[in-house]
Number of protein chains: 2
Amino acid sequence: MKGKDKFKQYLKNRNLKFTPERKDILEAVFSLNSHFDIEQLQQKLKKMNKKISRATVYRTLPLLIESNLIKETLHCQSRVKYERIYGHLPHDHMVCLRCGKIIEFRNEEIEKLQMDTCRDKGFFPVEHRLGIKGYCKECAEKLKLDINSKKVYSKK
Amino acid sequence: MKGKDKFKQYLKNRNLKFTPERKDILEAVFSLNSHFDIEQLQQKLKKMNKKISRATVYRTLPLLIESNLIKETLHCQSRVKYERIYGHLPHDHMVCLRCGKIIEFRNEEIEKLQMDTCRDKGFFPVEHRLGIKGYCKECAEKLKLDINSKKVYSKK
DNA sequence: CATATAATTGAGATTACGTCTCAATTAATA
DNA sequence: TATTAATTGAGACGTAATCTCAATTATATG
């Protein structure tokens, strides 16, 4: 697992220690679905029979973010969500308001336009986050929503 | 103020009451900068000499959202931010990580591409949110960040 | 206009989520 | 193996937001 090495490297660079707790958390993160929240992470650790305190879990996440293995994603229903990014290309999300499904998509054209806009404004981007909330195909059908209807964003 | 009528209408449709508290909160929202958080809203109400309980303020915001007068925006520094949308065209945001400044921008091309992507996936969009975090022109200069540097999003 | 009724309010308790403190432990290094 | 600074866990704490419930009030109706 190369993510592990990246993490070790990051820790070493900062004179931080690669502790068993950090190792376990890293493994849990890599064994979870790429989108997860703290709750799910703690569940996973429990299943792995690792008793790691809440504080440690919370303390470790910023380290994983700093080492570019995960990032924060959409806040959905007020809970912070994380997402493994190691080995993934950047992408954006659609979230279904009915079933909660997350659809990833990537559109280079959108990314390019974002960059252009930043340049226009003299803004130095660090991170962007695009989330579209709505209804996935299946749920839209159940709700008889017409995907082709024009009025999508309220105009006033 | 037409926003008021829209709110009244919404309330009536649901058999909800247009109480003085709701009226005051609505007025406060419309007298604030278009981006605000609960803290600022409460301050405003205080200045208006309206003593309205926290619970009522919290209870009213979802009503204003439901009636399309405001929406939730970027969570910045863990606090939920709201934004008045009544009478505004949809737009997106850049947030400066150093000074907190919010820059609004609108790019129809990006919006169009989003719509196209939704259509591709059969996704019925309700709301989208694009936030770019980074450094505004002034802060980028102070930090000597090069806006034209290529490596903006980490690619792996 | 008076009444009935369901919605609303405020105060404070409660929850949810995350952070902090500090003594005891431990990884890394030499 | 000893040294030392980083780390851990338990529980206290902080803050934002929600809930409870008795008292109040906006609205519809006769």
Side-chain angles (χ1 to χ4, degrees), chain A residues 4-5 7-29 35-46 48-67 70-82, chain B residues 4-5 7-29 35-46 48-67 70-82:
Chain A
K4 188 165 161 183
D5 296 333
F7 192 37
K8 275 182 162 170
Q9 191 56 48
Y10 167 81
L11 294 172
K12 176 158 271 180
N13 290 344
R14 312 244 166 164
N15 285 319
L16 304 178
K17 295 171 181 174
F18 186 66
T19 64
E21 289 81 5
R22 286 173 182 169
K23 178 172 154 293
D24 293 338
I25 291 169
L26 181 69
E27 279 171 13
V29 163
H35 294 84
F36 64 94
D37 59 26
I38 289 263
E39 172 72 14
Q40 294 168 312
L41 179 52
Q42 281 172 322
Q43 294 290 337
K44 187 70 185 186
L45 287 164
K46 206 170 181 178
M48 292 161 65
N49 280 312
K50 307 292 181 182
K51 288 170 239 331
I52 298 177
S53 80
R54 193 165 23 113
T56 298
V57 175
Y58 275 107
R59 283 189 286 232
T60 303
L61 286 170
L63 301 176
L64 293 173
I65 291 173
E66 266 297 299
S67 48
I70 67 174
K71 71 170 192 172
E72 264 194 30
T73 321
L74 296 177
H75 286 231
C76 201
Q77 292 138 15
S78 91
R79 199 186 269 281
V80 179
K81 279 256 181 187
Y82 298 92
Chain B
K4 188 164 160 183
D5 295 333
F7 192 38
K8 273 182 162 171
Q9 191 56 48
Y10 168 82
L11 293 172
K12 176 158 271 181
N13 290 344
R14 312 242 167 167
N15 285 319
L16 303 178
K17 294 170 179 174
F18 186 67
T19 63
E21 290 80 6
R22 286 175 181 166
K23 176 171 155 295
D24 293 338
I25 292 169
L26 181 70
E27 278 171 14
V29 163
H35 293 83
F36 64 93
D37 59 27
I38 289 263
E39 172 71 16
Q40 294 167 314
L41 179 52
Q42 281 172 324
Q43 293 290 337
K44 188 69 186 186
L45 287 164
K46 206 170 180 178
M48 290 161 67
N49 279 312
K50 307 292 181 182
K51 286 172 239 331
I52 298 177
S53 81
R54 193 165 22 111
T56 297
V57 175
Y58 275 107
R59 284 189 284 232
T60 303
L61 286 169
L63 300 177
L64 292 173
I65 291 174
E66 266 296 299
S67 48
I70 66 173
K71 70 170 192 173
E72 264 195 31
T73 321
L74 297 177
H75 287 231
C76 203
Q77 291 138 16
S78 91
R79 200 186 269 280
V80 178
K81 280 255 183 187
Y82 298 92

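Worth saying up front: this structure is predicted, and the values here are computed from it rather than measured. Naming convention: chains lettered A, B, ... in sequence-line order (proteins, then strands); numbering from 1 in each chain.
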d([atom1], [X]; [atom2], [N]) in whole Å:
| X | N | atom1 | atom2 | value |
| --- | --- | --- | --- | --- |
| Arg14(B) | dT8(C) | CZ | C1' | 17 Å |
| Lys8(A) | dA27(C) | NZ | P | 13 Å |
| Ile38(A) | dT19(C) | CD1 | P | 8 Å |
| Gln40(B) | dA16(D) | CD | C1' | 15 Å |
| Lys23(A) | dT7(D) | NZ | C1' | 17 Å |
| Glu72(A) | dC17(C) | CD | C1' | 13 Å |
| Ile25(A) | dG9(D) | CD1 | C1' | 12 Å |
| Lys50(A) | dT7(D) | NZ | C1' | 17 Å |

>> With a cut-off of less than 4.0 Å, is there a side-chain N or O of Tyr58(A) near OP1 or OP2 of dT19(C)?
In response: no
> Reckon Ser53(B) has a side-chain N or O less than 4.0 Å from the OP1 or OP2 of dT9(C)?
Replying inline: no
> Looking at Lys50(A) and Glu27(A), does any basic side-chain N land under 4.0 Å from a carboxylate oxygen?
Replying inline: no
>> Using a heavy-atom cut-off of 4.0 Å across all strands, would you classify Arg22(A) as base, sugar-phosphate, or nothing?
In response: sugar-phosphate
Look up atom [atom1] in [X] and atom [atom2] in [Y], then write down how far apart they are to the nearest 0.5 Å.
| X | Y | atom1 | atom2 | answer |
| --- | --- | --- | --- | --- |
| Tyr10(B) | Leu16(B) | OH | CG | 6.5 Å |
| Lys51(B) | Asp24(B) | NZ | CG | 11.0 Å |
| Ile25(B) | Arg59(B) | CD1 | CZ | 9.5 Å |
| Thr60(A) | Leu26(A) | OG1 | CG | 10.0 Å |

> Along nucleotides 19-30 of chain D, 5' to 3', which nucleotides get a B, which get an S, and which get a -, given that the test is a protein heavy-atom distance under 4.0 Å?
Replying inline: BB----BBS---
So which heavy atom on [X] is nearest to which on [Y], and how close?
| X | Y | answer |
| --- | --- | --- |
| Ile65(A) | Lys71(A) | CG1-CA, 4.3 Å |
| Ile70(A) | Tyr82(A) | CD1-CD2, 4.0 Å |
| Arg22(A) | Leu11(A) | NH1-CD2, 4.0 Å |

>> Looking only at the side chain of Arg54(B) (C-beta and beyond, no hydrogens), which of the listed nucleotides dT8(D), dA17(D), dG10(C) gets closest?
In response: dA17(D)
> If you fit an axis to the five pairs at each end of the helix from dC1(C)-dG30(D) to dA30(C)-dT1(D), how big is the angle between those two axes, to 10 degrees?
Replying inline: 40°
> Quick one: side chain to side chain donor-acceptor pair (under 3.5 Å) partners of Asn13(A), sequence neighbours excluded?
Replying inline: Gln9(A)
